[in-house]
Participant: 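Below: one structure in structure tokens.
All chains are named by letter (A, B, ...) in the order of the sequence lines, taking the proteins before the strands, and each is independently numbered beginning at 1.
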Number of protein chains: 2
Amino acid sequence: MARRASAPATDDLDARKATILEAVVSEHIDTNQPVGSSSVASSAELGVSPATVRSEMVSLEREGYLAQPHTSAGRIPTDKGYRYFVDHLSSGVLGAAQQHQVRDFFATVRGEVEDVLEQTSTLLSQMTSYTAVVVAATHAHASILSAQLVNIDARHQLLVTVFSDGSVVKHSLTPPYDVDFETCAEASRQLNALLIGTTLETLVQVPSRHDHVAHLVRDAVAALHAQQPATDGDRVFIGGSSRVADSFDGVETVRKVLSILEQELLVVTLVQDMLDRGLSVAIGTENGFEPLSTCAVVVAPVTIDGAPAGAVGLLGPTRMKYQEAMAAASAVSQHLARHFGGDEEHAHH
Amino acid sequence: MARRASAPATDDLDARKATILEAVVSEHIDTNQPVGSSSVASSAELGVSPATVRSEMVSLEREGYLAQPHTSAGRIPTDKGYRYFVDHLSSGVLGAAQQHQVRDFFATVRGEVEDVLEQTSTLLSQMTSYTAVVVAATHAHASILSAQLVNIDARHQLLVTVFSDGSVVKHSLTPPYDVDFETCAEASRQLNALLIGTTLETLVQVPSRHDHVAHLVRDAVAALHAQQPATDGDRVFIGGSSRVADSFDGVETVRKVLSILEQELLVVTLVQDMLDRGLSVAIGTENGFEPLSTCAVVVAPVTIDGAPAGAVGLLGPTRMKYQEAMAAASAVSQHLARHFGGDEEHAHH
DNA sequence: GCTAGCACTCGGTAGAATTGAGTGCCAACA
DNA sequence: TGTTGGCACTCAATTCTACCGAGTGCTAGC
């Protein structure tokens, strides 16, 4: 027997094995069925008999690229098999129809950033029939353009903060004493002076006096800076969650995946983690969430003027159409960057 | 044969028929299986033989309350059967565990209105294992407390409007000319003077001059008032959408329902429509959306200081546990009203 | 090293037989 | 007249069997 198979996971396959693996993966993606040796032999252009393919397949199985649902069935790819497949994927081109779709969308879309991103997630989902995720970077580094304290009534004030990236954040204050209009206005003035030009990471020197104005100012600054933890605003947009229903077979899987998608914090963590690790595709267990072990996630970062501004992603079954998904994600990511970035001289995001 | 059956849908049944119908409905809700005459005869306390029950059942079937999946199977309720059931339902009481859950939640919940509502939808979903919907009334009638125009850069301004119900809305302006800081500040001042105290329904007299300030003011007012159509902000919160996966049998149904839930506008329409028609439960086709014909929706309005402030709802299969669902919805609705309303002397919503 | 040939495995399907829950009807009964 | 036990009947679901065939692993020969 060939001894060289003992070299562990060199990740570089024999040209023929590579062809066979790729044939198996793409056929299985198409059909969602185990792939047999004969169909590989005829589809792939290696002039070789099924028997030869078979012996290569057992080798590929030993090395962990393929698996057999049961004896006398064809092979299906393992996560490792998919991984090899996407690593050696020629970057595909977006279909003409979809190119139009993206172009049209960005040519006609209007409205606030949040609306655009929400609709973008729907677009991406429609283009691919997978569930789409759009994540916008936090505005931790954006500077404050305006901070205003509005008197709702004597016991309720609202701090409204506008950031240089165009985002607006509000914080309720409920002081244990009555606040009159003048006090509020004065506090608002002081907050403006104090905060404008700072970022959320800047330390701010708050007044230490004991009057109501100073109290309000302190509470407002505290509320603003306390926002850090986790759920930092509506920065995640999920489109086409109904697609999970036809992406997966078992009802239980569908439930699990939906359940993950509901927790937006998890989603942003997942995407962020992938970006940090420099991954553009996470297959099966690579994504780190056990309930997502039958999923694959494709992400494309959105970069505006060289700075990371967020990411778009797609979630589907491990047997997803990677080329299409990656092409769509990267196209949308680029359009998004152009829409909010450079060519129009924005400062948005 | 009893001729009186020809009276069309008097909707008032013989006491015995009522008992039988109720037994069938509640058993079917429990088991999700057709119910046979013998199990009804033994469970319900009418000392009567299966044969008698059977003859009553054919009558109930003729009148449209029950249906037979096929000959020689038990009966399942029709929408009309469920309707009778809920119409004659003694309003149940919330389980002790759930009472605690609600109480604890509202005792500890903090943060902005939107966050609270979002979390409320999750709470309601967890209490019932159905998908929950929380709808907040629009602020069409709220008056404007503050309107501020912030200069993002020369070509981008942001109109930030604060309403008396505590909501904050932003609108981007992108004038075709450069705006300097002073112009923006002046426009902001004028907008404030113009808009404070008005509602979105108020007609506002805008300046007709042709300078940049007047232009900005006009554009800002136009943007603000244009917002009416449909998607008026993030006023819908959906919790537990993963629950649809185990509420329905067919994958296709799951997809359809999720697909509806994605379109928040449809959801708010549905809920609003039910409130308008004075319905608290919509069963099957009653809700007007064909894809939801196997669903039931329970809603409870949220009323603060006598004014409608929104609604909470639950979506499940027609064989949902109506008593529990209604009790949960109404409890949460009341807590919500108390939380934002009277007892704390808020003006929120 | 490749291939044709071959025996073998085992999931999927089709058909027949069986089961059993439940019905509809009827005749008898109070 | 309303109720009931009895009974024949229906039909989905289950089980069993046989069988097919796609696909494998192995081996002998090219």
Participant: Return all side-chain donor-acceptor pairs below 3.5 angstrom for residues 320-333 of chain A, not counting sequence neighbours, or 'none' if the list is empty.
Facilitator:
| unit_1 | atom_1 | unit_2 | atom_2 | d |
| --- | --- | --- | --- | --- |
| Tyr322(A) | OH | Thr318(A) | O | 2.5 |
| Ser333(A) | OG | Pro301(A) | O | 2.9 |

Participant: To the nearest Å, give me how far apart CD (Gln68(A)) and C1' (dT9(C)) are.
Facilitator: 11 Å

Participant: Nearest whole angstrom, please: distance from the P of dG23(D) to the NE2 of His28(A).
Facilitator: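 It works out to 13 Å between those atoms.
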
Participant: With a 4.0 Å cutoff (strictly under), does any side-chain N or O of Arg75(A) reach OP1 or OP2 of dG23(D)?
Facilitator: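 Answer is no, no contact under 4.0 Å.
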
Participant: Going 5' to 3' along nucleotides 2-9 of chain D, which nucleotides have protein heavy atoms under 4.0 Å from the base (write B), which only from the sugar-phosphate (write S), and which from neither (write -)?
Facilitator: -SBBB---

Participant: Please report, rounded to the nearest Å, how far the P atom of dT24(D) is from the CG atom of Leu66(A).
Facilitator: 11 Å

Participant: Does any N or O in the side chain of Glu262(A) come within less than 3.5 Å of the main-chain N or O of Ser242(B), such that one atom is a donor and the other an acceptor?
Facilitator: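 Between the backbone of Ser242(B) and the side chain of Glu262(A) there is a qualifying donor-acceptor contact (under 3.5 Å).
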
Participant: Can you tell whether the side chains of Arg83(B) and Asp87(B) come within less than 4.0 Å, N to carboxylate O?
Facilitator: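 So Arg83(B) pairs with Asp87(B) through a salt bridge.
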
Participant: Parallel, tilted or perpendicular: which describes the rings of Tyr84(A) and Tyr65(A), with under 30° parallel and over 60° perpendicular?
Facilitator: perpendicular

Participant: Between C1' on dT23(C) and NE2 on His70(B), what's the gap in Å once rounded to a whole number?
Facilitator: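 One finds 11 Å between C1' of dT23(C) and NE2 of His70(B), rounded.
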
Participant: May I ask you to verify if any side-chain N or O of Thr71(B) is less than 4.0 angstrom from the OP1 or OP2 atom of dC11(D)?
Facilitator: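 Yes, because at least one side-chain N or O of Thr71(B) sits under 4.0 Å from OP1 or OP2 of dC11(D).
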
Participant: Any donor and acceptor pair, going by atom type alone, linking the side chain of Glu61(A) with main-chain N or O of Leu66(A) inside 3.5 Å?
Facilitator: no

Participant: What is the distance, rounded to the nearest whole Å, between atom CG of Asp14(A) and atom P of dG1(C)?
Facilitator: 11 Å

Participant: Send over the distance from Gln33(B) CD to dG20(C) P, rounded to a whole Å.
Facilitator: 17 Å

Participant: Assess whether one donor atom and one acceptor atom, taken from the side chain of Ser72(A) and the base of dT9(C), lie less than 3.5 Å apart.
Facilitator: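 Under the 3.5 Å cut-off, the side chain and the base do form a donor-acceptor pair.
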
Participant: Please give, in whole Å, the distance from dT24(D) P to Glu61(A) CD?
Facilitator: 10 Å

Participant: If you measure from the Lys or Arg side-chain nitrogens to the Asp or Glu carboxylate oxygens, is any gap between Glu63(B) and Lys80(B) under 4.0 Å?
Facilitator: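 Answer for the salt bridge query: no.
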
